[in-house]
Amino acid sequence: RIDRHHRPQRHQILQQSSQEADLSSSTSIVRTTLPEFAPTGASSFRLSPLEDPPTLSVTMSLVSLAHVCSHLQNASKARLGLTSIPSTNLHLTLAHALQKQGFLSSVTRAGPTPPAPEMIADPSSSPEAEVTQANIASRRLWLGLKYWNNEPVLRKMWMVSKPTKRIWLNHHDLGVIVRGREAGYVKGMTNPGECLFVSTDRGVLEARECVERRIGGMMLCRAL
């Protein structure tokens, strides 16, 4: 015979044991999922299964580079002599590559206001302002655009790799593209004066230079 006064106490004991079982099961789940995302090194650290910090940084770089391509194309159509873009290492190396191929007349790093004409003509004539935490966000790259017979030299500029689809090619595939044939979902260079810029471990280079040096990399953009 079970005493009625002991029934609530027995019910409490059963409820407490079930709560402890739920707590132990949830703890075991946490212990099995945590090591999956535990950092084993700087290169393998992940914030979530779908988010990787190096991939995120490359994606943001390609997004800003797409804005630069559109900006330079629109500035050339508007017949601007001088324009500015955000100052980053990727933008600087690409601007120097464009200047080397003859699309730009000058590349000058300065503040939010346009630099003096003598500084554009000879950047070494005046020392560059010191970069601090207060002015680093306002640094700009001032690019001089070129024109021939009242027509812009840089007529068109567009991306090859997208933030959602990055294309990497070796020097063999780049050689095929330079000769005018398609390789790796990238069309051949068939237009006169067309340039394809590649991000390599030696900086941003033109596709023909990559073939000469026998190096590959990620396709960035094309200029015509």
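Numbers here simply count residues along the sequence, with the first being 1.
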Side-chain heavy-atom pair Leu94, Ser199 within 4.5 angstrom cut-off:
no
To the nearest 0.5 angstrom, please state how far the CG atom of Leu224 sits from the CG atom of Asn191.
5.0 Å
Within the structure provided, determine whether Thr83 and His71 are in side-chain contact (heavy-atom separation under 4.5 Å).
yes
Where the side chain of Ser70 meets the backbone of His67, is there a donor-acceptor pair that is under 3.5 Å apart?
no
Distance check, rounded to the nearest 0.5 Å: Arg79 atom CZ versus Lys77 atom NZ?
10.5 Å
Using every non-hydrogen atom in the two residues, find where Pro115 and Leu82 come nearest and quote the distance to one decimal.
CD-CD2, 4.5 Å
Start with the C-alpha distance between Leu65 and Met159, add both sets of side-chain angles, then the distance that settles side chain to side chain contact (heavy atoms under 4.5 Å, CB included), and finish with yes or no.
CA-CA 8 Å; Leu65 187 60; Met159 295 290 295; 3.9 Å; yes
Can you hop from Trp158 to Met218 via hydrophobic side chains spaced under 4.5 Å?
no
Shared hydrophobic cluster for Leu205 and Leu92 (ILVMFWY, side-chain gaps under 4.5 Å):
no
State whether the side chain of Ser84 and the backbone N or O of Leu141 hold a donor-acceptor pair below 3.5 Å, judged by distance alone.
no
Does some side-chain heavy atom of Met219 sit less than 4.5 Å from a side-chain heavy atom of Leu196?
yes
Residues 144-153, side-chain donor-acceptor partners within the protein, below 3.5 Å, at least two apart:
unit_1: Lys146; atom_1: NZ; unit_2: Gly102; atom_2: O; d: 3.3
unit_1: Tyr147; atom_1: OH; unit_2: Leu80; atom_2: N; d: 3.0
unit_1: Tyr147; atom_1: OH; unit_2: Leu80; atom_2: O; d: 2.5

Any donor-acceptor pair under 3.5 Å linking the side chain of Asp173 with the backbone of Val176?
no
Contacts of Arg202 that satisfy side chain to side chain contact (heavy atoms under 4.5 Å, CB included) - sequence neighbours left out:
Thr200, Arg213, Ile215
Using the rule that two of Ile, Leu, Val, Met, Phe, Trp, Tyr join whenever any of their side-chain heavy atoms come within less than 4.5 Å, decide whether Leu220 and Leu72 are in one cluster.
yes
Roughly how far apart are Arg155 CZ and Met157 CE, rounded to 0.5 Å?
14.5 Å
If only atom types and distance count, is the side chain of His91 paired as donor or acceptor with the main-chain N or O of Pro86 below 3.5 Å?
yes
Any side-chain heavy-atom pair from Trp142 and Pro114 closer than 4.5 angstrom?
yes
Is a side-chain donor or acceptor of Gln101 paired with a backbone partner of Phe103 at a separation under 3.5 angstrom?
no
Which residues pass the salt bridge (charged side-chain N to carboxylate O under 4.0 Å, His left out) test with Arg140, not counting sequence neighbours?
none
Under 4.5 Å between any side-chain heavy atoms of His96 and Val107, yes or no?
yes
Run the salt-bridge test on Lys156 and Glu194 with the 4.0 Å N-O cut-off and return the result as yes or no.
no
Nearest 0.5 Å, please: how far is CG in Leu98 from NZ in Lys100?
12.0 Å
Quick one: do Lys187 and Arg222 satisfy side chain to side chain contact (heavy atoms under 4.5 Å, CB included)? Show the steps, please.
CA-CA 11 Å; Lys187 294 182 179 180; Arg222 304 175 84 140; 4.2 Å; yes
Do you reckon Ile177 sits in the same ILVMFWY cluster as Ile167, going by side-chain contacts under 4.5 Å, direct or chained?
yes
